[in-house]
There are 2 protein chains.
Amino acid sequence: MATRKIDREQIIEQALKTLATSNSFADFSLRKVAADLHIDVSTLYWHFKNKQEILQAMAEAVITQVTIPATDLEWTTQLKQLFSNVFDIYEQYPLSATLMIETIPSALVRLQLIERAIAIMTDVGIDEQTANVAVTSIDFLLTGVMIDLTTEAHFRQKITAEKNQNLLTHVKKIHELAQSHHLTHMQTSIKMRNQFSAKQQFAMGLDLIIEGLKQHLPTKN
Amino acid sequence: MATRKIDREQIIEQALKTLATSNSFADFSLRKVAADLHIDVSTLYWHFKNKQEILQAMAEAVITQVTIPATDLEWTTQLKQLFSNVFDIYEQYPLSATLMIETIPSALVRLQLIERAIAIMTDVGIDEQTANVAVTSIDFLLTGVMIDLTTEAHFRQKITAEKNQNLLTHVKKIHELAQSHHLTHMQTSIKMRNQFSAKQQFAMGLDLIIEGLKQHLPTKN
DNA sequence: ACCTGAACACCGTTCAAGT
DNA sequence: ACCTGAACACCGTTCAAGT
């Protein structure tokens, strides 16, 4: 009784929720998604070909949320705002950065985002090649910072919640080695990590790349 | 009969070989490592606490191979050479970039590598904070390019070897969407990807970051 | 001290069978 | 058209038992 019909949209919606409550990407499973939906796992295979297709749909659902900044702003502002928007969305959907790595960027919105980012740069005279390299670099930086953040949270969770003492050993080891071997830069590096948020760290990296990009602006008249 | 003793070193050696012949990081399993060693999986648990510890040891074995360039070279040369060395080692050990993401960088050599990279920059007067951000950015860029490379190879393999037709669909979709939606930058982006090797793409990204770093050099006298 | 075998609780995927 | 249940081939991890 009652319409038991479940559509792709509902599945993806729940999948993202299930992913968000997972401790790691490896923890995320279709069986858990199905359980949360109160349906059998095999049902998912009527709506989707396989797990990969579900991940693709999830990635697309996330990236669709990103808004593109107005084109009348200064190019550096546009670039910063665009990636800031991406960052915020990734942060809103925990583990979605991993999702992007695990999927092929075939969603139109995702391609349009890259297109826009490159256009922002070429519009001010930066050559196509440099703009391309910049987007790749910024994208990897963003994804890297994001994944680092979730991985750290995952490890932290594993250390506190579970009996997993040996992970704590590794974290402690970093501090000890940094001290005993007088790795002074590593020590300040650790301090920096605690001092600045992930978003701030990303912003600083982006600034560095932008400074490099400025060297590629055409010389005035 | 015959000494059946197997030590940690042999396990890690084989584990890296098994990882190298895996199509993806997910494909890599302890059961396969054990099978390749002609021992039972459970034996691994006598030598190591769990899979995580084996991954840590594998990551350490790989990173140890990286050589640090001479300190009398120009700072940009040192930086390029250092990361070029890392790139080559990662390339030599397929999927090792993923390994670095999955593990905590608690190995001394790995910390020393970061320490050296930061020192190269601070030695010429770049502030600690910028140097830190730069290392993080370069590291993520390198790992990103590397993972992209192996992921692509993985997808390519899946498409040709297996019946996996739907992955091919996604790849084709990118080209089609780029054309039908007039994503001109995306089209040249695809061309660039085929034109330059992964190492070249990384080198270009590194150059961009270095150009940004140069803006942080102290003004002469 | 070192290794095995069986067992446990998990996966993704398939497929005949139900409505 | 949509969903289930059972089965298959995989995982990592534990542990009593062997040498």
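Within every chain, numbering begins at 1; the chains are lettered A, B, ... in the order of the sequence lines, protein sequences first and strands thereafter.
Side-chain contact check for B:T18 and B:Q14: at least one donor-acceptor pair (N or O, by modelled atom type) lies under 3.5 Å. In this structure, a donor-acceptor pair under 3.5 Å is present between the side chains of A:Q56 and A:Q52.
Remark: B:E128 engages A:H185, A:T188 in a side-chain hydrogen bond (donor to acceptor under 3.5 Å, both in side chains) (not counting sequence neighbours). Listed by chain and residue number, nothing satisfies the salt bridge (charged side-chain N to carboxylate O under 4.0 Å, His left out) test with B:D40 (two or more places apart in sequence, or in another chain). Partners of B:K191 according to the salt bridge (charged side-chain N to carboxylate O under 4.0 Å, His left out) rule, which considers only residues two or more places apart in sequence or in another chain, do not exist here. Residues that satisfy the ring-ring contact (aromatic ring centres under 6.0 Å, His included) test with A:F25, not counting sequence neighbours, are absent from this structure. Partners of A:K51 according to the salt bridge (charged side-chain N to carboxylate O under 4.0 Å, His left out) rule, which considers only residues two or more places apart in sequence or in another chain, do not exist here. In this structure A:R110 satisfies the salt bridge (charged side-chain N to carboxylate O under 4.0 Å, His left out) test with no other residue, sequence neighbours excluded. With sequence neighbours left out, the ring-ring contact (aromatic ring centres under 6.0 Å, His included) criterion links B:F140 to no other residue. Take B:F202 and apply the ring-ring contact (aromatic ring centres under 6.0 Å, His included) test, not counting sequence neighbours, and it matches B:F87.
When rounded to the nearest whole Å, the span between CZ of A:F48 and C1' of D:dC2 equals 14 Å. Rounded to whole Å, the distance from CD1 on A:I54 to P on C:dT13 is 8 Å. Rounding to whole angstrom units, NZ of residue B:K49 and P of D:dC15 are separated by 13 Å. Atom CG of B:L44 is separated from atom P of D:dC15 by 17 Å (rounded to the nearest Å). A straight line from CZ of A:R8 to P of D:dC2 spans 12 Å, rounded to a whole angstrom. In this structure, B:H38 places its NE2 atom 16 Å from C1' of C:dC3, rounding to the nearest Å.
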Please produce a list of atom pairs where a protein N or O lies less than 3.5 Å from an N or O of nucleotides 16-19 of chain D.
none

Could you pull out the protein-nucleic contacts involving nucleotides 9-12 of chain C (nitrogen or oxygen on both sides, under 3.5 Å)?
from: C:dC11; atom 1: OP1; to: A:S29; atom 2: OG; distance (Å): 3.0
from: C:dC11; atom 1: O5'; to: A:S29; atom 2: OG; distance (Å): 3.3
from: C:dG12; atom 1: OP1; to: A:L30; atom 2: N; distance (Å): 3.0
from: C:dG12; atom 1: OP1; to: A:K51; atom 2: NZ; distance (Å): 2.9
from: C:dG12; atom 1: OP2; to: A:L30; atom 2: N; distance (Å): 3.2
from: C:dG12; atom 1: OP2; to: A:R31; atom 2: N; distance (Å): 3.4
from: C:dG12; atom 1: N7; to: A:R31; atom 2: NH1; distance (Å): 2.3
from: C:dG12; atom 1: O6; to: A:R31; atom 2: NH1; distance (Å): 3.1

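Checking C:dC2, D:dC15, D:dT4 against the side-chain heavy atoms of B:W46 singles out C:dC2 as nearest.
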Intra- and inter-strand pairing of DNA chain D, written as dot-bracket with Watson-Crick and G-U pairs under 3.5 Å and | for the latter, reads ||.|||||...|||||.||

Determine all donor-acceptor pairs shorter than 3.5 Å in which one atom belongs to a side chain in residues 27-34 of chain B; sequence neighbours excluded.
from: B:S29; atom 1: OG; to: B:K32; atom 2: N; distance (Å): 3.2
from: B:K32; atom 1: NZ; to: B:D27; atom 2: O; distance (Å): 2.9

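An OP1 or OP2 oxygen of C:dA1 is reached within less than 4.0 angstrom by no side-chain nitrogen or oxygen of B:H47. Of the side-chain N and O atoms in A:T43, one or more sit less than 4.0 angstrom from OP1 or OP2 of D:dT4.
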